[in-house]
Amino acid sequence: MESLLVLLGLIVLAIPVGVVVLLIGHVRLRKRVEQLEQRLADQSGPAPKPEPEKPAQAADTPPPVEAKVKGPWAPTKPPPKPSRETQPSSPPAAIVMREDRFAALFAWLRENWFYAVSALSLALAGIFLVQYGVENGLLPPAARVFAALAFGAALILGGEVVRRRFGDDEDSATAYLPSVFSGAGLVTLFGAVLAARQLYDLIGPEAALAGMVAIAIVGLVLGWFHGPLLAAVGLIGAFAAPFVVGGASEDPTWLYGYFLLIAALGLGIDTVRRWAWISVLTLVGAYGACFLLVLFSPITEPGYLISVTALALMAIAIPVRRLVPNHDGPMIAEIIRRKKGAPWPEFPTRLAFGAVLLSSVILSIHWADTSSEFWLSVGLFAALILALILWASDAPALQDMTVFPGLGLIWFVLLHGFDGGVVAQSFAATYAETPEADAPLTVSILVVLGAALSLAAAWRSFRGGRYAAAWAAGAVTLAPLMAIALEVGWQPASVIGAYPWALHAVALGAVMVLLAERFARVDTGYRLRPALATMSALSCLSFACVIVLSSAALTVALVVMVLVAAVLDRRFVLPQLSWFVWVGVFTVTVRLILNPGLEWAETAPLPEVIFAYGAATLGFAAGWWVLRPMPRPTAVLLLESAAWANAGILLSLLLLRWLESLGEGGAENSHWGLGLLASIWLLLAFAQVQRFSLGGKLTYARYALAGFFAAHALIRLGQALGPENPVLTEFADPVLGPGIVNTLAVAYLLPALITLLSLWRLTDVPVRLRQLGYAAAALLLVVWLGMTIRHFWQGAGGMFDGNGVSQPELYTYTMALLLVGAGLFYQSLARGSDLMRKAGLAVIGLAVAKVFLIDIAGLGGLIRVFSLLVLGLALAGLAWLNRWAKLRHSSQGAEPLDD
């Protein structure tokens, strides 16, 4: 039975060999037949021309040759070299993932699938020979390994013989056969070495690595002479060999070195032949093999992290064949705003971009189980960032990909603290058991690392270039972002104290001040870089204030930062500081309205409220005065609108607090409290309306904010006019104050005056919005006037509508209507406003209707007489006024009453 198994194994190995022998024999026979046919054609002379009427083909005309199906590795015709005037408008030929490439691959496999099967069969034969050959002990493990090595060497030798004698290009009959043999031989050699180390433990990891280096060198040399099929077969088989061979190892970390070696082999082959898709296949196989290894052996995570970082660096250096990268051309980020006709990024740039992105994602989402893994990840991130900044300083096409490891480092640190990683837990528990423990240096080390990376980016910016400002932006944001990530995820102030942690932010601010001074010495014209560093310094100081100051003090500190930015802009001409002013105004407004906001202002100590809102008003007004002579329309308008809004909000809050001190009602359940809240929201809405003229991309955001604030104001006014109205609700909060100066004016007159004043002050308000504002203000004025008259005659206790209407009150309503109508009528004549004249006539008509329909029936005695008398005299006076105005403004004389 054992002899039978041996015989079957030999037959299995002989099948692919027999197929190869038959193919070679067929190729030789076909070549000899073609040579004989050519000799016969030369001896017989030129063939006679066929007659026109015979459609059949001449006898000696060679049959049509079927079109050859080119594989996906067929070299693409290079595009014509563009002239200096024109640039290529299509992607370069090195783009790999194209539809025509996939179509060519499937077409080639359909026509030549037996080559792929043959390569797979030979490779598996070699691996199974070393793994399963004579499994029952007929051959010792060493003999099995040597047999596999001999089989692999024989395949490579056979492939070289075929290539040298018959060729390997697509025009030869032996196309792809040398690649099939040599590729299967390389896989077999790799499998033999792996089995000797991993399966049989015949050699140590050093000898195994040396053997694989030698095999890789052989494969590299072969790849330069063979077609891409050899590279593809060798790469796929080499990456799959460790998983096919199997075996057990306590620590298979050394396999990462093997995968990196295979990756170097594939990239090294393609860096000479420039097939492009071989490099993509190499990186896909390397990342996939490393992932599968760490998936089945989690103890190898440190090696996995180092490997993916090394793959990114290899993808940068090997394709350009330089120890120091020199990638030229456009960056990947530039294709976002690519103009028609502009060149596309080169293939090495795209390859490096994908590798750096993938490695950064892997490092950032990796969960560090131990402290050493955490610091290893941080160190690898720092190494990758420094490599792209310093090592790749002569590769302008790689500049944009520095963002990926930078953001990945910030995210990794934030997530580790936010989810309670081992290092964050150790930091938080520093003083839990030993109050006298030494101060932890974890967050300090991370902050120093962020500062070092920022200084490296600043060095890159000092070198100049097209994107020096972008490097400056990265330099002034990386370290502050690291501090913010620590604050959000780690909360260092709860461990080391607020003031020591704030000193870290102050130190970063000092670093940014130093960068601002250095940039200012270099930049004499366009001063973007010193402005960015100045904004970063102000942000760091603001961050320090956030850590140590209370709510009111923090708001004041942020206002001071905005004022300082305005002063620095005025002194050093830094127009980019308007961005900081914009952010500062927005932040302070959010703090004053939302967090801690109006709820805090209702209950906080009154001096703190006055301190916060008063400082915001005075600070924004001072900033507006400082920047007013400068060409800063955006910052000036923002500061002006914020100053007006905060001044109104402060007065409203002071009035609210005073009324609440009287002990009756509150902001949420009284007509005057709701009116004050509506006034605050109206001020905020009109502040956004004032900013409509700025235009830009935030226009629709300003529309949305204005609508949001106005909707809040309308809701509050609706509550004040409805459920909390003392006339409509019997148990509503009473009216406080004397006859005219009372809470009715706070609830209804104040919002109307704010609306009228804002519409008068703002000249760029849309016409439709202005008309709606005037109509709403007029309605509030009417309500206020009517309720004030009722309060004058009925008092606070008789405001409810169920108490009826007294005769003096009814008469006063008539007099008020007549006075309002007369005033509108006079103003219409003075201003020549037809709309105002119609409004005055409508009010007068309403008064006339009231007298004849209500007053005559409701009044009695002398009051009825006086009501009709006043109405008649008023109408007579208005008629005389109308006549006088027409005579004064008319160019013609007075017309007689009768002819």
Side-chain angles (χ1 to χ4, degrees), residues 301-302 304-305 308-309 312 356-386 388-389 401-430 440-457 473-498 500-509 511-512 536 539-540 542-548 583 587 590 595:
E301 286 181 351
Y304 174 64
L305 299 177
V308 296
T309 306
V356 172
L357 174 59
L358 184 56
S359 296
S360 300
V361 171
I362 292 174
L363 290 174
S364 62
I365 65 177
H366 167 71
W367 179 253
D369 296 321
T370 62
S371 175
S372 58
E373 282 189 22
F374 172 81
W375 290 113
L376 175 63
S377 299
V378 171
L380 292 175
F381 267 123
L384 192 54
I385 295 171
L386 291 175
L388 291 171
I389 294 176
M401 62 186 68
T402 314
V403 175
F404 299 130
L407 294 179
L409 174 61
I410 302 301
W411 177 255
F412 177 75
V413 172
L414 172 64
L415 197 64
H416 187 82
F418 197 77
D419 290 341
V422 59
V423 178
Q425 288 182 355
S426 176
F427 171 76
T430 301
L441 299 178
T442 304
V443 295
S444 300
I445 293 174
L446 292 173
V447 170
V448 170
L449 176 63
L453 296 177
S454 288
L455 291 176
V476 301
T477 56
L478 184 56
L481 284 178
M482 175 67 80
I484 292 174
L486 291 171
E487 170 66 18
V488 175
W490 297 55
Q491 298 179 356
S494 61
V495 179
I496 63 176
W501 175 232
L503 289 177
H504 289 74
V506 173
L508 290 180
V511 173
M512 298 307 155
S536 181
S539 300
C540 291
S542 302
F543 179 56
C545 294
V546 170
I547 297 172
V548 298
V583 175
T587 304
V590 170
N595 185 20

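What you see is a predicted model; the values in this text were computed from it and never measured.
Put simply, CH2 on Trp501 and OG on Ser494 are 11.0 Å apart, with the number rounded to the nearest 0.5 Å. With rounding to the nearest 0.5 angstrom, the CD1 atom of Ile496 is 10.0 Å from the OG1 atom of Thr442. Taking CG of Leu486 as the start and CG of Leu481 as the end, the distance is 11.0 Å to the nearest 0.5 Å. The CG atom of Leu453 sits 5.5 Å away from atom CG of Leu478, with the distance rounded to the nearest 0.5 Å. Rounding to the nearest 0.5 angstrom, the gap separating the OG1 atom in Thr587 from the CG atom in Asn595 is 11.5 Å.
Taking every heavy atom of both residues into account, Trp367 and Glu301 meet most closely at O-OE1, 4.4 Å. Contact detail for Ala498 and Ile547: the closest heavy-atom pair is O-CG2, 3.4 Å. Minimum interatomic distance between Val356 and Pro405 (heavy atoms only, all atoms of both residues): CG1-CD, 4.1 Å. Taking all atoms of both residues into account, the shortest heavy-atom contact from Met512 to Val476 is SD-CA, 3.8 Å. Contact detail for His504 and Ser444: the closest heavy-atom pair is NE2-OG, 2.8 Å. Among all heavy-atom pairs drawn from Ala456 and Leu386, the shortest one is CB-CD2, 3.8 Å.
No donor-acceptor pair under 3.5 Å is formed between the side chain of His366 and the backbone N or O of Leu305. Looking at Ser377, its side chain never comes within 3.5 Å of a backbone N or O of Leu363 through a donor-acceptor pair. Of the possible donor and acceptor atoms, one in the side chain of Trp490 sits under 3.5 Å from a partner among the backbone N and O of Val413.
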Derivation of the side chain to side chain contact (heavy atoms under 4.5 Å, CB included) call for Thr309 and Ser359: CA-CA 6 Å; Thr309 306; Ser359 296; 5.6 Å; no
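With contacts defined as side-chain heavy-atom distances shorter than 4.5 Å, the pair Val443/Phe427 qualifies. Looking only at side-chain heavy atoms (C-beta outward), Phe543 and Pro480 stay at 4.5 Å or farther from each other. The shortest distance between side-chain heavy atoms of Ser454 and Val511 does not fall below 4.5 Å. Using a 4.5 Å heavy-atom cutoff, the side chains of Met482 and Leu409 are in contact.
For the side chain to side chain contact (heavy atoms under 4.5 Å, CB included) test with Leu380, the passing option among Leu384, Leu376, Val378 is Leu376; the others fail.
Taking the side-chain contact (heavy atoms from CB on, under 4.5 Å) definition, one finds that Ser364 meets it with Phe381, Trp411, sequence neighbours left out.
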